[in-house]
Amino acid sequence: RWAVAWKFPAQQEHTKIKEIIISVGRTGALTPVAILEPVRVGGVEVSRASLHNEDEIRKKDVRVGDTVIIQRAGDVIPEVVKVVTSKRTGKEKKFIMPDRCPVCGSRAERPEGEAVHRCTGIACPAQIKENLAHFVSKGAMDMDGLGYKLLEQMVDKKMIKDQADLYFLKKEDLMKMDRMGEKLAENILKAIEKGRNTGL
């Protein structure tokens with residue numbers, strides 16, 4: 001209780017916003033993400049930064065084509081600190097939050113009192129992939145070897161559509177996947193089997 005942490009000010013750099021895309025999360029949250037001209041910040045190359053939500057974009061008046069100051073919050077997560085308005089040319093475009101999910105096309109709604117737009121689709125592939133990634137992660141069922149790329153392929157090939165489907169996978173199903181060997185297929189099935197008995 002007597003200790004005080006000294007934190008150095010975060011290193012800041014200038015870069016340009018090339019475009020703003022929408023990322024769809026596990027709960028259907030639509031998050032605007034700035035795609036940046038790559039720049040080194042504190043020894044790491046940064047090429048994208050979350051803009052969190054529509055209100056944040058409006059507050060900072062972030063536009064596509066803007067020159068911005070970025071830093072890594074807590075020396076980790078890239079964030080847009082502010083826009084360098086003096087470098088505006090008039091060609092910058094205001095960002096408009098979509099009213100449809102960019103992945104499944106379902107309606108995107110912003111519930112009253114919330115800052116986040118959400119996809120209303122119950123079978124949205126982006127939500128399914130994020131849900132599965134959470135389900136197999138170390139903090140949940142700890143299914144070693146089931147990385148995001150594999151899960152993505154399984155959903156895209158319609159091999160699985162929810163968590164329960166993982167438990168019905170057979171070796172011959174896995175062998176149809178790209179860059180899949182017998183040993184890897186066996187290890188994945190063992191990890192899934194082990195996941196049946198995960199304790200609290």
Just wondering, are more than 12 heavy atoms of other shown residues or ligands nearer than 6.0 Å to NZ in Lys82? no

Do Leu166 and Leu132 come within less than 4.5 Å of each other through their side chains, counting heavy atoms only? yes

Would you say Leu189 ends up clustered with Ile160 if hydrophobic residues are merged whenever their side chains have heavy atoms under 4.5 Å apart, either directly or through other cluster members? yes

Mind checking whether Val83 and Arg88 have side chains closer than 4.5 Å, heavy atoms only? yes

Decide yes or no on salt bridge (Lys or Arg N to Asp or Glu O under 4.0 Å) for Lys16 and Asp66, but give the supporting numbers first. CA-CA 6 Å; Lys16 218 171 190 162; Asp66 266 337; over 6 Å; no

Mind running salt bridge (Lys or Arg N to Asp or Glu O under 4.0 Å) on Glu186 and Lys190 for me, showing each step along the way? CA-CA 6 Å; Glu186 283 166 15; Lys190 272 184 203 158; 5.4 Å; no

Treat each ILVMFWY residue as a node, draw an edge where side-chain heavy atoms are under 4.5 Å apart, and state whether Ile21 and Met97 are in one component. no

Using a strict cut-off of less than 4.0 Å between a Lys/Arg side-chain nitrogen and an Asp/Glu carboxylate oxygen, indicate whether Lys158 and Asp156 qualify as a salt bridge. no

Using side-chain heavy atoms (C-beta onward) and a distance below 4.5 Å, is Val84 in contact with Val68? no

What I'd like to find out is whether the side chain of Leu146 reaches to under 4.5 Å of the side chain of Leu151, using heavy atoms alone. yes

Ion pair check, Arg58 and Glu54, cut-off under 4.0 Å: yes

Hey, are Glu193 and Arg196 close enough for a salt bridge, meaning a charged N less than 4.0 Å from a carboxylate O? yes

Walk me through it: do Gln71 and Gln11 pass the test side-chain hydrogen bond (donor to acceptor under 3.5 Å, both in side chains)? CA-CA 6 Å; Gln71 68 182 25; Gln11 186 186 331; over 6 Å; no

Any side-chain heavy atom of Lys157 within less than 4.5 Å of one from Asp178? yes

Any ion pair linking Glu114 and Arg110 (charged N to carboxylate O, less than 4.0 Å)? no

Rounded to the nearest 0.5 angstrom, the NZ-NE2 distance for Lys60 and His52 is 6.0 Å

State whether a side-chain donor-acceptor pair under 3.5 Å links Gln153 with Tyr148. no

Donor-acceptor check, side chain of Asp165 to backbone of Phe168, threshold 3.5 angstrom: yes or no? no

Donor on one side chain, acceptor on other, Ser106 and Arg100, under 3.5 Å: no

Donor-acceptor contact present, side-chain Lys129 to main-chain Val155, <3.5 Å: no

Co-membership, hydrophobic cluster, residues Ile128 and Val24, 4.5 Å side-chain: no

Is the number of heavy atoms from other residues, nucleotides or ligands within 6.0 Å of CZ (Arg107) greater than 12? no

Between Arg72 and Val41 (side chain of the first, backbone of the second, donor and acceptor by atom type, cut-off under 3.5 Å), is there such a pair? yes

Of the non-hydrogen atoms in Ala140 and Thr198, which two are nearest, and what is the gap between them? O-CG2, 3.6 Å

Under a single-linkage definition using a 4.5 Å side-chain heavy-atom cutoff for Ile, Leu, Val, Met, Phe, Trp and Tyr, are Ile188 and Tyr167 assigned to the same hydrophobic cluster? yes

Please round to the nearest 0.5 Å and tell me the distance separating atom CD1 of Ile17 and atom CZ of Arg48. 13.0 Å

Within this structure, what is the CZ-NZ distance for the pair Arg179 and Lys149, rounded to the nearest 0.5 Å? 9.5 Å

Same apolar cluster: Leu30 and Val33, side chain cutoff 4.5 Å: no

More than 12 heavy atoms of other residues, nucleotides or ligands under 6.0 Å from CD1 of Ile69: is that the case? yes

Please determine if Lys18 and Glu37 form a salt bridge, counting it only when a charged side-chain N lies under 4.0 Å from a carboxylate O. no

Min side-chain heavy-atom separation Val46-Ile70 under 4.5 Å: yes

Go through the steps to decide whether Arg63 and Asp61 satisfy the test salt bridge (Lys or Arg N to Asp or Glu O under 4.0 Å), and finish with yes or no. CA-CA 6 Å; Arg63 301 176 190 186; Asp61 190 23; 3.2 Å; yes

Hey, mind stepping through Lys170 and Asp173 against side-chain contact (heavy atoms from CB on, under 4.5 Å) and telling me if it holds? CA-CA 5 Å; Lys170 293 183 172 59; Asp173 300 325; 3.6 Å; yes

Between CG of Asp142 and CZ of Phe135, what distance do you get to the nearest 0.5 Å? 11.5 Å

Taking Gln127 for the side chain and Gly121 for the main chain, is one N or O donor matched with an acceptor at less than 3.5 Å? yes

Closest non-hydrogen atoms of Pro78 and Ala49, given as atom of the first, atom of the second and distance, are O-CB, 3.7 Å

Any side-chain heavy-atom pair of Thr67 and His14 under 4.5 Å: yes

Quick check for you: to the nearest 0.5 Å, what is the distance between Met141 atom CE and His134 atom NE2? 9.5 Å

Counting only heavy atoms from other residues, nucleotides and ligands, does the tally under 6.0 Å from CG of Asp144 exceed 12? no

Rounded to the nearest 0.5 Å, what's the gap from CE on Met177 to CG on Leu169? Could you check? 8.5 Å

Greater than 12 external heavy atoms within 6.0 Å of Glu172's CD: yes

Just wondering, do Pro32 and Ile57 contact through their side chains at under 4.5 Å, heavy atoms? yes

Should Arg40 and Glu13 be marked as a side-chain contact (heavy atoms from CB on, under 4.5 Å) after you check the CA-CA gap, both sets of side-chain angles, and the distance that decides it? CA-CA 8 Å; Arg40 287 192 81 73; Glu13 295 294 341; over 6 Å; no

